[in-house]
Novice: 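Pasting a structure below so you can have a look.
Side chains are part of it too, since the values below use all heavy atoms of this structure and drop only hydrogens, waters and symmetry mates. These figures come from a predicted structure and were not determined experimentally.
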Amino acid sequence: MTDLVVFPDVDTLARKILLQGLVERGLSIKVGTKIPSPMPAQFIRLVIVPGRETCRRVQWCQVNAYVYDDVKNEVRCAQTAQLVAAILRAAPDAVIDGKDVPITEPCELHGPFPTQDPDVPSLPVRQANVVWTVQSSVI
């Protein structure tokens, strides 16, 4: 039987890392991949952009985090986006379910910066993008 090289499910991994980081800082914010209806007061949407495989053991991917807040909380939106960016940037040091995550340096952060979402144009949105280096495993 041939060994297979597989990469982790980055969607699930990013969500777990972010939720754990928020809980560790006393925050409870909904995190998902689609905008819910009705929209909660705060929400974080994760969009994973598959990257390229640099070799059988290493892959790059981009995690885009969109932080939404209600209309009256632009400052809180910016502060939450800074925290979200820091949590995602710290992924190489994260431990989930008692295990090190398969994310290593280099890890590169862009943002956060203000943006707009045409689906909810009235809400403040901040975007942070993190490029992760993801390690595979052999099964």
Novice: So which atom in P124 and which in C77 form the shortest heavy-atom distance, rounded to 0.1 Å?
Specialist: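 Looking at all heavy atoms of both residues, the closest pair is O-SG, 3.7 Å.
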Novice: Looking only at heavy atoms, which two atoms of R56 and E53 are closest? And how far apart?
Specialist: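 Here R56 and E53 meet closest at CA-OE2, 3.7 Å.
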Novice: Please find the pair of heavy atoms, one from I17 and one from I87, that lie closest to each other, and give the distance.
Specialist: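 Looking at all heavy atoms of both residues, the closest pair is O-CG2, 3.7 Å.
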Novice: Is a salt bridge present between R126 and D69, judged by a nitrogen-to-oxygen distance below 4.0 Å?
Specialist: no
Novice: Give a yes or no on whether the backbone of D11 and the side-chain of D9 come within a donor-acceptor separation of less than 3.5 Å.
Specialist: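 Pair found, side chain donor or acceptor close to backbone of D11.
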Novice: Does a side-chain heavy-atom distance below 4.5 Å link V6 with S137?
Specialist: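 SC-SC contact between V6 and S137 confirmed.
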Novice: Do V10 and V58 sit in one hydrophobic cluster, given that two such residues count as connected whenever their side-chain heavy atoms are within less than 4.5 Å of each other, even indirectly?
Specialist: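 Hydrophobic grouping puts V10 apart from V58.
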Novice: Report yes or no: does W132 contribute a side-chain atom to a donor-acceptor pair with the main-chain N or O of L88 at less than 3.5 Å?
Specialist: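 Side chain of W132 to backbone of L88: a pair is present.
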Novice: In the structure I gave you, are the side-chain heavy atoms of P8 and P102 within less than 4.5 Å of one another anywhere?
Specialist: yes
Novice: Out of curiosity, I96 CD1 to T12 OG1, how far, rounded to the nearest 0.5 Å?
Specialist: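 Reported to 0.5 Å precision, the distance equals 11.5 Å.
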Novice: With hydrophobic residues grouped by side-chain heavy-atom distances under 4.5 Å, do V125 and L83 end up in a single group?
Specialist: no
Novice: Check whether I35 and Y66 end up in the same hydrophobic cluster, where Ile, Leu, Val, Met, Phe, Trp and Tyr are linked by side-chain heavy atoms less than 4.5 Å apart.
Specialist: yes
Novice: Would you say R15's side chain and V31's backbone share a donor-acceptor pair under 3.5 angstrom?
Specialist: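 Yes; at least one donor-acceptor contact below 3.5 Å.
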Novice: Please name all residues satisfying side-chain contact (heavy atoms from CB on, under 4.5 Å) with V95, sequence neighbours left out, ordered by chain then number.
Specialist: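 Expected list: D100.
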Novice: Same cluster for V47 and V131 if Ile/Leu/Val/Met/Phe/Trp/Tyr side chains link at under 4.5 Å?
Specialist: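 No.
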Novice: Look only at the side chain of R57 and the backbone of Q135, and say whether a donor-acceptor pair between them is shorter than 3.5 Å.
Specialist: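 Absent.
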Novice: Please determine whether residues L46 and F43 belong to a single hydrophobic cluster, defined as Ile, Leu, Val, Met, Phe, Trp and Tyr linked transitively by side-chain heavy-atom distances below 4.5 Å.
Specialist: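 Unlinked, L46 and F43 end up in two clusters.
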Novice: With W60, which of V49, T54, V134 fulfils side chain to side chain contact (heavy atoms under 4.5 Å, CB included)?
Specialist: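 Between W60 and the candidates, side chain to side chain contact (heavy atoms under 4.5 Å, CB included) is satisfied uniquely by T54.
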Novice: Looking at NZ of K30 and CG of L22, how far apart are the two atoms once the value is rounded to the nearest 0.5 Å?
Specialist: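 Output value for this atom pair is 13.5 Å.
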Novice: Please report the interatomic distance CD1(I44) to CD1(I29), rounded to the nearest 0.5 Å.
Specialist: 4.5 Å
Novice: Working to the nearest 0.5 Å, report the span between CD of Q127 and CD of Q116.
Specialist: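 Output value for this atom pair is 12.0 Å.
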Novice: Heavy atoms only: give me the nearest Q59-F7 pair and the separation to one decimal.
Specialist: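 Taking Q59 first and F7 second, the nearest heavy atoms are CB-CE2, 3.3 Å.
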Novice: Has the side chain of T133 got a donor or acceptor atom that lies under 3.5 Å from a matching backbone atom of P106?
Specialist: yes
Novice: For T115, give me all partners under side chain to side chain donor-acceptor pair (under 3.5 Å), at least two apart in sequence or on another chain.
Specialist: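 Once residues adjacent in sequence are excluded, T115 has no partner under the side chain to side chain donor-acceptor pair (under 3.5 Å) criterion.
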Novice: Could you give the distance from CG (N73) to CD (Q42), rounded to the nearest 0.5 Å?
Specialist: 7.0 Å
Novice: Roughly how far apart are N129 CG and L109 CG, rounded to 0.5 Å?
Specialist: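 Rounded to the nearest 0.5 Å, the CG-CG separation comes to 8.5 Å.
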Novice: Regarding Y68 and D117, do their side chains bring together a donor and an acceptor under 3.5 Å, going by distance alone?
Specialist: yes
